[in-house]
Participant: 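Before I ask anything, here is the structure I am working with.
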Amino acid sequence: MQNTTEKIRYLYALFNQSNPELINPYQAHIDSQHIVAAKLIAATYAFSTTTIITNIDNKEYIFPLNLTSRTHQSKGDWIWVTQIEIFYPEQSLITMTINTRVVDIPYTGSKVCAHWLFRNIRPEINEALSHYL
């Protein structure tokens, strides 16, 4: 990311699409022109978001994210997670160190449901958002 303003736009676009309740508490801290720009970004890059999940053995799993679904299916993919990095659209947007724990990967078809994945790591997302916003 080139600068903080751009990162704020992308963070808003990402979380507003996938899990608006994560970004809503920070909305008052975001200028309206950034929100408008984020909505344009969201319309353009809705289908090009991925995540890299790192486990306790430093093995990385790459998953495409579905930002629009609110339902998921568990396929029994339990991973000991230590870090999650999100690429939106094709640049690393945010990297979060996770308090090591087992996370069930919530699928929507062949993609991971961002809404439920982000809900499962809400404390870490809030910490990262408070850093940027």
Participant: Within the distance-only criterion (no hydrogens, no angle test), does the side chain of H115 pair as donor or acceptor with the backbone N or O of S69 below 3.5 angstrom?
Facilitator: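 Between the backbone of S69 and the side chain of H115 there is no qualifying donor-acceptor contact (under 3.5 Å).
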Participant: From K7 NZ over to L14 CG, what is the distance, rounded to the nearest 0.5 angstrom?
Facilitator: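 Output value for this atom pair is 11.5 Å.
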Participant: Distance alone, cut at 3.5 Å: any donor-acceptor contact between the side chains of Q83 and T97?
Facilitator: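 Not at all, the side chains of Q83 and T97 share no donor-acceptor pair under 3.5 Å.
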Participant: For atom NZ of K75, decide whether the heavy atoms of other residues, nucleotides or ligands shown that lie under 6.0 angstrom number more than 12.
Facilitator: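 Yes, NZ of K75 has more than 12 neighbouring heavy atoms, counting only those of other groups under 6.0 Å.
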Participant: Measuring only between side-chain heavy atoms, which start at C-beta, is Q73 closer than 4.5 Å to T108?
Facilitator: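 Q73 does not reach T108 side chain to side chain.
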Participant: Say you draw a straight line from NE2 of H34 to CD of E6; how long is it, rounded to the nearest 0.5 Å?
Facilitator: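 Going from NE2 on H34 over to CD on E6, the span is 11.5 Å.
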Participant: Working to the nearest 0.5 Å, report the span between NZ of K59 and CG of D57.
Facilitator: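 It is 9.0 Å, given to the nearest 0.5 Å.
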Participant: Between N19 and R119, is any pair of side-chain heavy atoms under 4.5 Å apart?
Facilitator: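 SC-SC contact between N19 and R119 confirmed.
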Participant: Between I121 and N99, does the side-chain contact (heavy atoms from CB on, under 4.5 Å) criterion hold? Intermediate values first, please.
Facilitator: CA-CA 9 Å; I121 60 168; N99 294 328; over 6 Å; no
Participant: side-chain contact (heavy atoms from CB on, under 4.5 Å), that's the test. Do I105 and Y61 meet it? Break it down for me.
Facilitator: CA-CA 11 Å; I105 305 301; Y61 299 88; over 6 Å; no
Participant: Can any side-chain N or O of R70 pair as donor or acceptor with the backbone N or O of S18 at less than 3.5 Å?
Facilitator: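 Present.
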Participant: Just do the side-chain contact (heavy atoms from CB on, under 4.5 Å) check on T50 and L65 with the steps written out, would you?
Facilitator: CA-CA 5 Å; T50 57; L65 291 175; 5.9 Å; no
Participant: Yes or no on side-chain contact (heavy atoms from CB on, under 4.5 Å) for I62 and T51, after CA distance, side-chain angles and deciding distance?
Facilitator: CA-CA 6 Å; I62 301 171; T51 186; over 6 Å; no
Participant: Verify salt bridge (Lys or Arg N to Asp or Glu O under 4.0 Å) between R101 and E124, making sure each step is shown before the conclusion.
Facilitator: CA-CA 12 Å; R101 63 180 176 276; E124 290 86 354; 2.8 Å; yes
Participant: Looking at side-chain heavy atoms only, is the closest gap between V81 and T54 below 4.5 Å?
Facilitator: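 Contact flag for V81/T54 side chains = no.
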Participant: Using links of under 4.5 Å between side-chain heavy atoms of ILVMFWY residues, direct or through other members, which residues join W80 in one cluster?
Facilitator: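 Noted: W80 shares its cluster with I56, W78, V102.
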Participant: Judged by modelled atom types alone, do Y107 and D77 share a side-chain donor-acceptor pair under 3.5 Å?
Facilitator: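 There is such a pair (donor and acceptor under 3.5 Å, judged by atom type) between the side chains of Y107 and D77.
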Participant: Minimum heavy-atom separation for T95 and E85, please, with both atom names.
Facilitator: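 In this case the closest contact between T95 and E85 is OG1-CG, 3.3 Å.
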Participant: Heavy atoms only: give me the nearest K39-N16 pair and the separation to one decimal.
Facilitator: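 So the minimum-distance heavy-atom pair works out to CE-ND2, 4.5 Å.
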Participant: For A13 versus A38, what's the shortest heavy-atom pair and its separation?
Facilitator: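 Smallest interatomic distance, heavy atoms only, reads CB-O, 3.3 Å.
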Participant: When you compare the side chain of I84 with that of I52, does any pair of heavy atoms fall below 4.5 Å?
Facilitator: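 They are not in side-chain contact.
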Participant: Nearest heavy-atom pair of S92 and F87: which atoms, and what distance?
Facilitator: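 Minimum heavy-atom contact is N-CD2, 3.4 Å.
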Participant: T82 and N55: which non-hydrogen atoms are nearest, and at how many Å?
Facilitator: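 The pair with the smallest heavy-atom distance is OG1-O, 3.4 Å.
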Participant: Angle class for the W116/H72 ring planes (parallel below 30°, perpendicular above 60°, tilted otherwise)?
Facilitator: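 W116 and H72: tilted rings.
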Participant: Please check if the number of heavy atoms outside Q27 that lie under 6.0 Å from its CD is greater than 12.
Facilitator: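 Above 12, so yes.
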Participant: Do I125 and F15 make a side-chain contact, defined as non-hydrogen atoms from C-beta onward lying under 4.5 Å apart?
Facilitator: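 Sidechains of F15 and I125: in contact.
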Participant: Give the minimum heavy-atom separation between N126 and L22, together with the two atoms involved.
Facilitator: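 Of all heavy-atom pairs spanning N126 and L22, the closest is OD1-O, 4.3 Å.
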Participant: Has N66 got a side-chain atom pairing as donor or acceptor with T68's backbone, closer than 3.5 angstrom?
Facilitator: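 Checked: pair present.
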Participant: Assess the side chains of Y88 and Q17: does a donor N or O sit below 3.5 Å from an acceptor N or O?
Facilitator: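 On atom types as modelled, these side chains qualify, holding a pair under 3.5 Å.
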Participant: With side chains defined as the heavy atoms from C-beta onward, is the minimum distance between I53 and V112 less than 4.5 Å?
Facilitator: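 SC-SC contact between I53 and V112 ruled out.
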Participant: Evaluate the ring planes of Y26 and H29, with Trp represented by its six-membered ring, and classify them as parallel (under 30°), tilted (30 to 60°) or perpendicular (over 60°).
Facilitator: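 Tilted.
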Participant: Any chance you could measure I86, atom CD1, to Q91, atom CD, to the nearest 0.5 Å?
Facilitator: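 These two atoms lie 14.0 Å from each other.
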